Structure formats: structure tokens, C-alpha cells
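Read through the structure below, which is laid out as C-alpha cells, and then see the notes.
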There are 2 protein chains.
Amino acid sequence: MAQIRNTPSKRFIQQALNDAGRALSLSEIQEATSGICDRVTVYRVLERLLNEGEVHRTVSLDGVVHYAKCSACETNGHTHVHDHHHVHFHCESCGDVTCLESVIPEFKLPRKYELHETNFMVSGLCPGCR
Amino acid sequence: MAQIRNTPSKRFIQQALNDAGRALSLSEIQEATSGICDRVTVYRVLERLLNEGEVHRTVSLDGVVHYAKCSACETNGHTHVHDHHHVHFHCESCGDVTCLESVIPEFKLPRKYELHETNFMVSGLCPGCR
DNA sequence: TGCTTAATGCAATTTTGTTGCAAATGTAAT
DNA sequence: ATTACATTTGCAACAAAATTGCATTAAGCA
């Protein structure tokens, strides 16, 4: 099996996601890493982090992809696998995307649908902007 | 105020969305209209249809944008404005995205968040694929 | 300290989305 | 029907975003 390596680029990006405390858009990450590593590397690191379950991905209605390391991940290391069925909030004013860890929507799929992943994105105005 | 025109490109795209009975990805629409109209026109027609409330847009976790004319729209013409807070299902096997009109998730945003739009996308296996 | 293989950088390419403008065309009024 | 006019379209050019191949670098284990 493939081994997982701890490289500077990876550390840097993970750190950035930690520090942000919110979901970062791909372009924000690109910006943060400019001078640190190549644009292509960012794509590849993020893909790896996804596969390793270190971050999750969410997409806002305008099609912008965001990556986040949720607080739940942070506190719980790696042993406890958990889903990311929580709501993400996209502020139309400041553009920030935040994980609302505690907001888990309830719904019932029709019989015979098998659920794997969810992407719940709601947009509007965040507390700071209204 | 701007008048709304009924052009061949527009009719064709609306028809395609009707016939599909599911959400079509942008590239599917591009493909369907190849030979009919220009790539740029597709972008513009879809934007107009969005503004006119004829279709809605949803984004799957892989970042692919889909457009759909929901059954609710279809039956109810234009008078009844309704939101699209329903769930969309993205099948990981066949790739189809369908509107689950009747599945409206329940959730409560923390106080002070103001909700405008939603994009609820769940992925897994559809009845046909499992 | 080496060895193996994952990870990176760079360049090239592809895909996707946008803009400006002249020509075409839908629609309402005549 | 014909006209008038604003909307819509196509085309070309451009800009932005994502992907791929390959040679080089370096992480981590023995």
C-alpha cells in the first residue's frame, strides 16, 4: 500500500486550514501558498488530504469549491471516522464559508436510495454581515 | 422593462430539460445543443432561464453545475413562485442528478443567520443502480 | 547512509467561462 | 404585411481554471 508522506506543502496547507477556522476556497489556498509551492501541488495535496480523510470538500452555489478541516476532525484526531452531514453557510456579503457543525439537517430519502455523502450548503447573510 | 423572447435556442434547451426529467449538467446541455447553437449562447440562455425562474441550478460535490426544471415548476406554470430547498440526488454510479421534490430537509440555523438560498446535494446509489 | 517511491516543479495543454461587437431575429405597433 | 427596435445570437478573442507528462527532489524506512 502507498505510504503517506509528511511534506512541507502538506503541512503548510493543513496549518492554513486549521488557522482559518472556516472553509477556504481553492483560490484562497492558492493565494496563501504562493511562494511556498506550485499551483499544481496545491491541487494534488488537497486531493490527497481528501483521500486521507483529513479535510472535506464543499461547493457553494456559485460553483466555488471549498476545503475545510472541521473542528470535529481537529479535536478527534484520526481514530473516529465521522461524516460531514452538517450544514455549510456561505455568506453572500463577505463570501466566507463556515462549517455549522451542530446543524445536521433531517430528511428521509425515498426507499431504495442509498446515501453516501452529502453537501448541504445554505447561503445568505452571516451574523457579522447583517 | 426588458421583454422576454422565445427563441429556438431557448425552446430547445427548455425542451431538453423537460424531456430529461432530471437535472442536466452543463456539459450534457452543451452536447445536446451542439449543432443547434453556439457554446456561448447556452451560457446566456441558461442564465436567462434562471432569472426568469424557469429552471434552478444545483452543484454536485465534484463541482459540476446542473440545471433542472422541476416537476413543480412544470405543473404550476409561472404564477406560483416556490423555493428549491428540496434535495438533489447524485448517483455515484450512473452520474444522474435528480430532483427529489418531496424531500425537504429540516434544520435550524443559529440565531442571526439569514437564509436566502440552499443547495442540498446528497450522493450515493440510485434505485436503478443498487 | 542508501534505497525506494511518493511528491514536486515546470511547461505544455486542455477545458471552462467571459467579453465586445456586428449581424440576425422576435415581437409589438403601424 | 411592413417597420422599428431591443433582444438574442455567433464569432473571435480573451481570460481563468484544471489536467497531464516527465524529469528531479526528498521523505521515510531498512
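Convention: sequence-line order gives letters A, B, ...; per-chain numbering from 1. Here the structure is a predicted model, which is why all the values come from computation and not from measurement.
Looking only at side-chain heavy atoms (C-beta outward), B:Phe107 and A:Val122 come within less than 4.5 Å of each other.
Note: the hydrophobic cluster containing B:Leu125 does not contain B:Val64 (ILVMFWY, side chain heavy atoms under 4.5 Å, direct or indirect links).
Interface remark: the B:Arg44 side chain does not form any donor-acceptor pair with the C:dG17 base, using a distance-only criterion of under 3.5 Å.
Residues from residues 27-42 of chain A that place a heavy atom under 4.0 Å from any atom of DNA chain D, listed by number: A:Arg39, A:Val40.
With ring centers used as reference points, B:His88 lies under 6.0 Å from B:His56. The ring of B:Phe89 has its center no closer than 6.0 angstrom to the ring center of B:Phe120.
A distance-only check finds no donor-acceptor pair linking the side chain of A:Thr33 to the backbone of A:Cys37 [under 3.5 Å]. The backbone N or O of A:Ser27 lies less than 3.5 Å from no partner atom in the side chain of A:Gln30, so there is not a single donor-acceptor pair.
The distance from atom CG of B:Leu49 to atom C1' of D:dT8 is 13 Å, rounded to the nearest whole Å. When rounded to the nearest whole Å, the span between OH of B:Tyr43 and P of C:dT18 equals 7 Å. Counting to the nearest Å, the C1' atom of C:dT16 and the NE2 atom of B:His66 are 15 Å from each other. Between the CZ atom of B:Phe12 and the C1' atom of D:dT9 there is a distance of 16 Å, rounded to whole Å. Residue B:Glu52 contributes atom CD, which lies 13 Å from atom P of D:dT7 at whole-angstrom precision. For A:Leu26 and C:dT16, the CG to P distance is 16 Å, given to the nearest whole Å. Rounded to a whole Å, the CG atom of A:Asp62 is 16 Å from the C1' atom of C:dT18. Rounded to an integer number of Å, the gap from CG of B:Leu46 to P of C:dG17 is 11 Å.
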Handout entry: Nucleic acid footprint by protein, nucleotides 25-30 of chain D - heavy-atom cut-off 4.0 Å, B for base, S for sugar-phosphate alone
Key = -BBS--
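When only modelled atom types and interatomic distance are considered, A:Glu92 and A:His90 share no side-chain donor-acceptor pair under 3.5 Å.
Residues B:Tyr67 and B:Arg57 come closest through the heavy atom pair OH-NH1, 3.2 Å.
Just one of A:Thr58, A:Leu61, A:Val59, A:Val87 meets the side-chain contact (heavy atoms from CB on, under 4.5 Å) condition when paired with A:Met121; it is A:Thr58.
The bend of the helix from C:dT1-D:dA30 to C:dT30-D:dA1, defined by the angle between the axes of its first five and last five pairs, stands at 40° to the nearest 10°.
Distance check, rounded to the nearest 0.5 Å: NE2 of B:His66 to CG of B:Asp96 gives 9.0 Å. Put simply, CG on A:Leu115 and NZ on A:Lys108 are 14.0 Å apart, with the number rounded to the nearest 0.5 Å.
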